[in-house]
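Each ligand, and each atom within it, is numbered from 1 in the order the structure gives.
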Amino acid sequence: MIRPSDLLVPRPEGLYCPPGDFHIDPVRPVRRALITHGHSDHARAGHAAVLATRETLDIMTIRLGDGFAGTRQEARPGVPLDLGGVSVAFHPAGHVLGSAQVSVAWRGLRITAAGDYKRTPDPTCAPFEPVPSDIFITEATFGLPVFRHPPPEVEARRLLDSLALFPDRAHLVGAYSLGKAQRLIRLLRDLGHDAPIRIHGALARMCDYYVSRGIDLGRLEPATVPGRMGRGFAGEIVLGPPSAFAATWVRRFADPLIAFASGWMRVRARARQRGVELALIISDHCDWPELTRTLTELSPAETWVTHGREEALVRWCALQGRVARPLHLVGYEDEAED
Ligand SMILES: [Zn+2]
């Protein structure tokens, strides 16, 4: 009888698989890393070998440079690979383009590490695919009952309503450069907003990459145009990464309306802290109902809970008569990128 910890065990550098000799999303350089998606706290440079989906490998190249790993190998979704006798398969996680769950099977035991995931439909990436598993490892970024994300199209509509109400103000929207920015643009397009959307230079390469993978983002134009400072961009949507809002970039715009798209915008203090006038609650993570629905649907024999509000979800599982435990992995920031 094998124990789950024989197959996957938390180590300081990340989740480790002893028989396969690999780590999942390690936070320190290792010999072989399986990467769930391209966000910076999961996809780091310096591993000897990296196995990930094609999109995640491309995204890592864009963000970290061509030499981000010694060797790289593409994992095709749903196609199992053998690593030291362990069967490894990547399945879509619905988080950002290329994001995957990593499912490992060995001697009759299957553990699926979902990585970051969500269940709300997102036209910019493949939907989360439920994988029946003995043990399911879930994130808990928004693992409190208070977190309920409104429908994303309702939030995107609020931005367009504001634009109609304040046509003299540039609407500056903070959005993470991988995933959130492209999803928000796509949401706006689906609501019929055909006007050019301006993007900060830091978003350009990732938007170009999404377009190259078949995601139509409509007309995008640079947010920096010589001679169009001051009153320029009134009535236009301008997207920038969160870091730009802490810098002098914002001062280029006269009387801008500051918006921000994040699941954290549910927390008023966070919105205030960022000086956000229009808080758009759009998240690439599960909210509380999505988390509990997923655990009910998958009904694994055991649930491991990681990065986020682990205790509340573990407690919920206990009340449901489900076996669960927190993993206490370190190094995954709950706000850095998502
Ligand atoms: Zn992420």
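Looking at His95, its N, O or S atom nearest to the Zn ion (ligand 1) turns out to be NE2. Residue Asp116 approaches the Zn ion (ligand 1) most closely through its N/O/S atom OD2. Nearest N/O/S atom of His39 relative to the Zn ion (ligand 1): this is ND1.
For a distance bound of 2.8 Å, the N, O or S atoms of His42 include none lying that close to the Zn ion (ligand 1). None of the N, O or S atoms belonging to His285 lies under 2.8 Å away from the Zn ion (ligand 1). Within the coordination shell of the Zn ion (ligand 1), defined by N, O or S atoms under 2.8 Å, Asp284 is absent.
Just one residue in the list Arg169, Arg198, Arg219 forms a salt bridge (Lys or Arg N to Asp or Glu O under 4.0 Å) with Glu236, and that residue is Arg198.
Using a 4.5 Å heavy-atom cutoff, the side chains of Tyr117 and Thr138 are in contact.
Leu57 belongs to a hydrophobic cluster whose remaining members, ordered by chain and number, are Ile35, Val50, Met60, Leu64, Phe68; membership requires side-chain heavy atoms of ILVMFWY residues under 4.5 Å apart, directly or through intermediates.
Thr124 places no side-chain N or O within donor-acceptor distance of the main-chain N or O of Arg183, the cut-off being under 3.5 Å.
Classification of the His95-His285 ring pair by plane angle, with boundaries at 30° and 60°, yields tilted.
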